[in-house]
Amino acid sequence: MKFPVLKNDRLLRAARGEEVDRIPIWIMRQAGRYLPEFRELRSKHDFFSICQTPELAVEVSLQPVRRFDLDACIIFSDILVIPQALGMTVEMRPSIGPVLPNPIVSPDDISKLDSRADICKKLGYVAEAITLARHKLDGKVPLIGFSGAPWTLMGYMIEGGGSKTLSKAKAWLYENPESSKQILKLLTDAVVDYLIMQACAGAQLLQVFESSAEHLGPELFKTYALPYIRDISSRVKTGIKTKGLDDIPMTIFAKGAHYALKELAGSGYDVVGLDWTIRPEDARAIIGNSVTLQGNLDPCALYAPQNELKQLAKDMVNKFGKIRYIANLGHGIYPDMKPENVEILINTIHES
Ligand SMILES: Cc1c2[nH]c(c1CCC(=O)O)Cc1[nH]c(c(CCC(=O)O)c1C)Cc1[nH]c(c(CCC(=O)O)c1C)Cc1[nH]c(c(C)c1CCC(=O)O)C2
């Protein structure tokens, strides 16, 4: 596919470990409810209708890039489109979040999931949105594609929505280890196909969200998350090559997995995303210089008085340094953030 020439390649340069003239920054959940223009559009459309309508998904993806001097655009979608493509119902309920009314309850339910065979057909609307976004961006900044990681997706599929403890999903790991692995394998296959499709459609970097890693701890993570995370990077990179495309960087963000940073650094990704509970210098000491780090400002730092926010952003940059670093929050931005504070954060990073 032919796309407009990329004018700002700081994100991709940083991901590959190349020098940059200024530190790139993007923000997890940068398209969302803290923006009045998002709330306006969202008031007229259901959440998944926006995801499924390429023109709307692209409009929402572009909103933050129009408003702020960001160094990347992320395609608007959700990690839960994968369970949907496997035949599960997912609803986005106001002030509750995602609800899966018919969760997986017993190992027999696994056979009711649709096979991965036509995942690309079912999620073809994401590919369309990505291609359209690349054209509409006109090379302004690179476009990030993403997927949930298998354990995080399995969690939602068993819990039937978000959970503070993930105790139902974790019970599966202890009670039904083989069935758990069967689900994780099935999800891995779907995620691999899905990410390769996104790369073919024009995504320039792929981020994998293992948002529920903190619930696992080192031993469960080693068995039920890491092997699948590794498998995804290796199969996606090979798949992209087989399709005749150039390699694109991949990021793993395993929230709360500071106990597994060394393993994550060696899991085949170019970038490791960090949450705010680890010191940048400690993460760098554990990981070394072979991968780029991304993160990790406490999202709540955006509530701080503006001078303090600036100082926190400067301290973060001083600790990470300018090489092999992509600035971001340590998790997604909250819906009640002031857009002005986001602008202060972005400008402070760029001036550092
Ligand atoms: C766990 C997870 C989900 N979705 C996602 C994750 C991984 C990242 C993370 O750990 O936060 C990923 C996601 N979800 C969304 C994006 C869009 C791209 C971006 O701007 O980053 C991305 C990358 C849009 C969204 N996804 C959701 C919204 C808000 C829904 C709405 O408009 O009603 C948006 C903009 C809903 C969603 N979707 C999900 C939850 C738990 C919620 C409810 C929480 C909330 O309301 O913020 C599942």
Side-chain angles (χ1 to χ4, degrees), residues 11 25-52 56-68 70-84 88 90-100 126 129-130 133 141 143-157 159-164 166 169 191 194-195 198 203 205-215 251-257 273-276 294-296 299 328-337 339 342:
L11 176 90
I25 176 167
W26 70 280
I27 291 172
M28 289 191 274
R29 294 277 184 96
Q30 65 189 27
R33 286 166 298 176
Y34 74 104
L35 289 178
E37 56 271 36
F38 175 84
R39 293 197 298 270
E40 197 345 70
L41 191 138
R42 176 77 174 83
S43 69
K44 297 184 207 133
H45 304 274
D46 166 71
F47 178 79
F48 284 112
S49 306
I50 301 178
C51 299
Q52 289 157 9
L56 294 178
V58 171
E59 169 55 25
V60 172
S61 309
L62 289 175
Q63 284 174 346
V65 177
R66 277 193 207 114
R67 190 189 258 263
F68 306 117
L70 287 158
D71 295 292
C73 177
I74 178 161
I75 195 67
F76 188 81
S77 185
D78 199 83
I79 62 165
L80 298 174
V81 298
I82 294 255
Q84 277 179 336
M88 296 185 77
V90 185
E91 294 158 10
M92 200 56 79
R93 302 221 182 120
S95 67
I96 297 177
V99 174
L100 292 78
V126 179
I130 286 175
V141 289
L143 180 65
I144 301 173
F146 71 91
S147 171
W151 157 247
T152 297
L153 295 173
M154 173 182 166
Y156 281 96
M157 289 159 69
E159 300 283 341
S163 158
K164 283 209 165 71
L166 275 131
V191 169
Y194 182 47
L195 288 175
Q198 292 188 37
L205 182 150
L206 297 169
Q207 175 154 328
V208 175
F209 287 93
E210 188 71 286
S211 302
S212 305
E214 59 189 315
H215 296 278
T251 299
I252 177 69
F253 172 65
K255 184 171 176 285
L274 303 171
D275 67 59
W276 67 95
Q294 173 175 280
N296 73 341
N328 205 316
L329 300 179
H331 197 200
I333 187 167
Y334 299 126
D336 61 348
M337 288 306 173
V342 174

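Computation of the quantities below employed the complete heavy-atom set of this structure, encompassing side-chain atoms and omitting hydrogens, waters and symmetry-equivalent molecules. The structure presented is a predicted model; accordingly, all values stated were derived computationally and were not measured. Start at 1 and go down the list; that is how both ligands and their atoms are numbered.
- Of the charged side-chain nitrogens involved, at least one lies within less than 4.0 Å of a carboxylate oxygen, so that Arg67 and Glu37 count as a salt-bridged pair.
- With a 4.0 Å cut-off on non-hydrogen atoms, Ser77 touches ligand 1 through its backbone and not its side chain.
- The closest approach between Tyr334 and ligand 1 stays at or above 4.0 Å for every heavy atom of the residue.
- Ligand 1 has an N or O atom lying under 3.5 Å from an N or O atom of Ala31, backbone or side chain.
- Ligand 1 has Ile75 within reach: a non-hydrogen atom of the residue lies less than 4.0 Å from it.
- Contact detail for Ile333 and Arg29: the closest heavy-atom pair is CG2-O, 3.1 Å.
- Remark: ligand 1 atoms within the under-4.0 Å shell around heavy atoms of Arg42 are 31 (C), 32 (O), 33 (O).
- Looking at Gln63, its side chain never comes within 3.5 Å of a backbone N or O of Ala31 through a donor-acceptor pair.
- Residue Met92 has at least one heavy-atom neighbour below 4.0 Å for each of these atoms of ligand 1: 36 (C), 37 (C), 38 (N).
- Under the side-chain contact (heavy atoms from CB on, under 4.5 Å) test applied with Met92, the options Ile50, Asp46, Val99, Asp78 reduce to a single match, Asp78.
- Heavy atoms of His331 approach ligand 1 to within less than 4.0 angstrom.
- Using a non-hydrogen distance threshold of 4.0 Å, Phe253 does not register as a contact of ligand 1.
- Among the candidates Val191, Ile79, Val81, the single residue satisfying the side-chain contact (heavy atoms from CB on, under 4.5 Å) test with Ser147 is Val191.
- Between Arg29 and ligand 1, a contact under 3.5 Å exists for at least one N or O pair.
- Under the side-chain hydrogen bond (donor to acceptor under 3.5 Å, both in side chains) criterion, the residue pairs touching residues 205-215 are Thr152-Glu210, Gln207-Gln294, Glu214-Lys255, with sequence neighbours excluded.
- Considering only non-hydrogen protein atoms, atom 22 (C) of ligand 1 sits nearest to Phe146 CZ, 3.6 Å.
- Distance from atom 26 (N) of ligand 1 to its nearest protein heavy atom, with residue and atom name: Asp78 OD1, 2.9 Å.
- Ligand 1 has Pro98 within reach: a non-hydrogen atom of the residue lies less than 4.0 Å from it.
- Here Lys255 has no heavy atoms under 4.0 Å from ligand 1, in either its backbone or its side chain.
- In this structure, the ring of Phe76 has its center less than 6.0 angstrom from the ring center of Phe38.
- The ligand atoms of ligand 1 that sit less than 4.0 angstrom from a heavy atom of Ser211 are 7 (C), 8 (C), 9 (C), 10 (O).
- In plain terms, the two heavy atoms of Pro83 and Val90 that are nearest each other are CB-CG2, 4.4 Å.
- With sequence neighbours excluded, no residue satisfies side chain to side chain donor-acceptor pair (under 3.5 Å) with Lys164.
- Residue-level proximity to ligand 1 for Thr152 is absent, since no heavy atom of it falls below 4.0 angstrom.
- Taking every heavy atom of both residues into account, Ala72 and Trp26 meet most closely at CB-CB, 3.9 Å.
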